[in-house]
Structure formats: C-alpha cells, structure tokens
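The structure appears below as structure tokens.
Basis for what follows: all heavy atoms, side chains included, without hydrogens, waters or symmetry-related copies.
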Amino acid sequence: MENNQRDETRSDFLKCVEIDLSFYIMSFLDDPADLVRATAVSHFWRQFVIANGLAKQMCFKKFPQLSNIVAVSDASESENISVDPTEQNILERNQKVYISLIHALTKSKVSAKDCIEDAVSASSTDNYPDESVVNTLTPRDIFVRRPSYWSSKGQSNPEVPETLIYKLQDGIWVITEINIQPFEAFFQPGKPLYSAKSVRFRIGHTKNGKEIEGDVKNMPPYKPIDDLFVWTYTSPEFPMAQENRLQPFKLPEPVVCVGGYLEIELSGRVQRQEMDGLFYICVCYVRVLGQPLSPAFEINKVEPNGNMELNYYPEKLKSVMENSSVSAPTNLQQLEENILWDRIGLLEDLLRGMQDGVLPVLEDFPDLDADVDGA
C-alpha cells in the first residue's frame with residue numbers, strides 16, 4: 001500500500017516544468033557520460049536530450065572553436081541507409097557524433113606531435129632569405145653548412161616586440177604545448193644568445209576565409225601580415241630563459257583548433273650585437289605539440305562563409321583514444337628536403353623581384369660561411 005502511494009507521488013520533473021526551464025537545468029551537465037546516463041533514465045528523457053541537441057550544445061559550449069560546424073556525417077551509416085534519413089535519424093546521428101567528439105577531445109591519450117604545416121611570416125627579418133622564419137622549422141642550428149635561424153631587424157629600443165606566424169595543419173587538433181629554442185650565435189665572439197625576455201601565443205584564422213588564405217600563402221615571409229588575422233585565443237605571457245635549449249611552454253588548458261594559424265609574440269630584447277650596438281631576437285626552432293583527432297574525425301570547409309562539415313569514422317575512434325607508446329620520430333631527411341625547396345623558392349622570389357624591379361630592402365650581412373669556418 002505504501003509503495004503504491006509513493007509511486008503516485010513520484011513525478012518526472014522534466015514533464016512538470018516548462019521546456020525552457022528543463023533545457024536550462026539540463027544545460028548544467030558538462031560531461032558526455034552524464035548525457036549518456038540521462039538518455040537511459042526513460043524514453044521521455046532520451047527523446048528530450050536528442051530532440052534538443054544537448055550533445056551539440058555541450059560541445060559548442062566547451063569548444064566554441066567548433067561552432068561553425070553546420071552538418072555531421074557518420075561513415076557507418078553510408079551502407080545502412082538506402083533512403084533519405086528522417087529528422088529523427090539526423091537527430092540521433094548528431095547525438096552519437098557529438099558525444100563521441102567530446103569524448104575524443106577530452107579523453108584522448110594519443111601522443112602529441114608537431115602540427116605546424118608551414119612558416120608564414122615574421123614582423124621583421126634582418127637578412128632575407130638567409131635569416132628567414134622558414135629556418136625555424138628545422139631542429140638544427142646548422143643546415144647545408146650554414147647557420148639556420150630567424151633573426152629580427154636590430155633595434156636600439158630593447159622593448160620593441162616581434163611576431164612570428166605559422167600555418168597549422170588541417171583537421172581538428174588539441175594543442176597542449178609550444179616549444180621554442182632561442183639561437184646562440186656560435187660564429188660571433190662570446191657566442192651571444194639572442195633570446196626574448198617573454199613570449200605569448202595567439203591562435204586564430206584569417207579574416208575572410210579562403211580568399212585571404214590564398215593571399216597569405218602567396219605573401220613573402222619577410223612581410224608582416226598580422227592585420228589579416230582574427231585571434232580567438234591568447235595565452236598568458238611566459239618568461240623565456242636565456243638558455244640555448246628547446247624550451248617548453250605548456251598552455252594552462254588544452255586549446256582546440258581547426259587548422260588555422262599560430263602567432264608567437266616575442267617581447268623584450270636581451271642581447272645587443274657587438275658590431276652595430278643594436279638589440280636582436282633570434283630563434284632557432286619552433287614546434288607546436290598537439291593531439292590530432294584524425295582519422296576518426298575529418299573536417300570539410302563549406303564555401304564561401306567558412307562553415308564546416310564534420311565527418312565521423314567510428315571504426316577509427318580507437319586509434320585516437322589509445323595511448324601510443326612513443327611519439328612518431330621526426331623524419332629529418334624529409335623535413336630538411338622540404339626546407340631546402342622552401343629556401344630555393346625564397347631565392348626564386350628574390351631573383352624574380354630583382355628582374356621586375358621590386359626588391360625588399362636588404363641590409364648587408366657578413367659571409368656566414370667565412371664566420372663558421374673561423375669559429
């Protein structure tokens with residue numbers, strides 16, 4: 001008798017309040033496992049979670065960088081659906097894909113790897129192309145028997161900052177750490193180290209999608225192009241040690257990006273060059289460590305407004321979630337070959353500019369080969 005009375009007094013709060021209030025209450029769930037548990041409470045709860053797209057809302061709330069996703073696909077459905085999916089099919093697919101996406105973004109144990117695709121530009125370059133930002137892609141301070149590094153122009157004011165911009169690889173990445181090695185000028189007396197005092201990072205995208213991206217790709221790397229980007233993430237400022245080593249800068253929280261660009265802001269100059277009395281910043285190597293969500297998740301950009309379609313391959317999710325024992329080794333031979341061709345391209349641009357009468361202002365710099373031989 002008491003059990004019957006208790007059952008009569010029980011009620012489902014989702015059925016007792018307005019839908020807006022129910023949605024507001026459920027929006028406080030912040031773990032995909034909680035949403036999965038909610039769908040198991042009852043048929044009504046399952047329909048409420050799926051129909052209101054709570055998994056999608058949770059994903060965009062936690063990772064606003066993904067809010068341009070306008071459509072999702074599930075590769076496992078391609079052979080099972082012979083007719084156009086119903087609205088319910090689409091809602092259930094969205095629930096499955098977004099739950100899996102959040103899980104991969106927050107629980108992946110795959111080893112991080114370098115996600116830089118290319119060096120794009122520097123705010124200044126002292127001796128182009130020998131000291132181009134392209135040189136920072138190789139982890140060695142000597143390349144083809146010459147010192148390999150980027151150098152800013154000299155400044156009498158040590159507070160003048162510099163910026164370096166890099167294109168990140170396509171796809172969804174969870175960036176956790178950025179590494180920078182200042183350059184030690186081993187060919188100069190005393191081997192001075194041209195480090196910055198501090199560093200800050202920004203991640204974002206071009207202002208007008210593919211049209212501007214094409215312009216960015218064709219820009220020479222000695223030309224500053226900071227005004228072409230929108231920066232959606234800015235890190236705290238990190239102190240940089242005055243040491244000749246690869247220095248790790250771990251972000252306070254992992255940052256999700258979809259391709260895009262990274263800006264490194266280098267502040268404060270420490271070392272004055274003996275020959276001209278000016279302050280410089282020089283960088284030997286830059287690496288951006290991130291966890292890729294490929295091949296389980298792939299992104300297609302929908303033209304022309306930059307919206308994206310997310311493609312999910314559930315049979316490959318395991319490869320994204322499992323911990324790899326060691327990071328994939330850097331293929332130095334391939335890397336150096338790519339950089340060599342980049343340098344050839346820089347020289348071709350320089351020669352083309354000379355032929356066309358359009359030439360960047362280049363300052364004289366001593367023959368580095370002679371300096372190396374004399375070091």
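Under the 3.5 Å distance criterion, with hydrogens and angles disregarded, no donor-acceptor pair is assigned to the side chains of Arg202 and Thr232. A donor and an acceptor atom, one from each side chain of Glu92 and Gln88, are located under 3.5 Å apart. In this structure, a donor-acceptor pair under 3.5 Å is present between the side chains of Glu162 and Ser124. Side-chain contact check for Glu298 and Tyr313: no donor-acceptor pair (N or O, by modelled atom type) lies under 3.5 Å. For the 3.5 Å distance criterion, the side chains of Glu265 and Thr163 fail to qualify, holding no donor opposite an acceptor. No side-chain donor from either of Tyr285 and Thr138 sits under 3.5 Å from a side-chain acceptor of the other. A side-chain donor-acceptor contact under 3.5 Å links Gln188 and Tyr194. Side-chain contact of Gln247 with Asn179: a donor-acceptor pair under 3.5 Å is absent, judged by distance alone.
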Next item on the list: Report the C-alpha separation of Trp231 and Phe229 in whole Å, then their side-chain angles, then the decisive distance to 0.1 Å, and conclude whether the ring pair (Phe, Tyr, Trp, His ring centres under 6.0 Å) test is met.
Entry: CA-CA 6 Å; Trp231 304 114; Phe229 299 91; 5.1 Å; yes

Note to self: One pair to check against side chain to side chain donor-acceptor pair (under 3.5 Å): Thr86 and Asn89. What are the steps and the verdict?
What the structure shows: CA-CA 5 Å; Thr86 64; Asn89 293 144; 2.9 Å; yes

Margin query: Show, in sequence, the C-alpha distance, side-chain angles and deciding distance for Asn311 and Ser73, and conclude whether the side chain to side chain donor-acceptor pair (under 3.5 Å) test is met.
Written below: CA-CA 5 Å; Asn311 302 317; Ser73 67; 2.7 Å; yes

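Looking at Arg272, its side chain never comes within 3.5 Å of a backbone N or O of Leu278 through a donor-acceptor pair.
Of the candidates Asn135, Ile264, Val133, Thr136, Thr136 is the only one forming a side-chain contact (heavy atoms from CB on, under 4.5 Å) with Val283.
Atom-to-atom distance recorded for Glu243:CD and Leu193:CG is 8.5 Å, nearest 0.5 angstrom.
Salt-bridge annotation for Arg200 and Glu263: absent, with no side-chain N of the basic residue lying under 4.0 Å from a carboxylate O of the acidic one. Classification of Glu184 and Lys191 as a salt-bridged pair fails, no side-chain N sitting under 4.0 Å from a carboxylate O. A salt bridge between Lys109 and Glu322 is absent, with no side-chain N of the basic residue lying under 4.0 Å from a carboxylate O of the acidic one.
Both Ile172 and Met308 are members of a single hydrophobic cluster when ILVMFWY side chains are connected at heavy-atom separations under 4.5 Å. Both Ile175 and Leu262 belong to a single network of hydrophobic side chains, linked directly or stepwise wherever heavy atoms of I, L, V, M, F, W or Y lie under 4.5 Å apart. Both Val258 and Phe63 are part of a single hydrophobic cluster, where members link through side-chain heavy atoms under 4.5 Å apart. Linking Ile, Leu, Val, Met, Phe, Trp and Tyr residues whenever their side-chain heavy atoms come within less than 4.5 Å places Ile281 and Leu137 in a single cluster.
Atom CD of Glu177 has more than 12 heavy atoms from other residues, nucleotides or ligands within 6.0 Å.
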Could you tabulate the donor-acceptor pairs under 3.5 Å formed by side-chain atoms of residues 28-37, not counting sequence neighbours?
from: Asp31; atom 1: OD1; to: Ala33; atom 2: N; distance (Å): 2.8
from: Asp34; atom 1: OD1; to: Arg37; atom 2: NH1; distance (Å): 2.9

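Under the 6.0 Å distance and 45° angle rule, Lys167 counts as a cation-pi partner of Tyr261.
Residues satisfying the side-chain hydrogen bond (donor to acceptor under 3.5 Å, both in side chains) test with Gln57, not counting sequence neighbours, are none.
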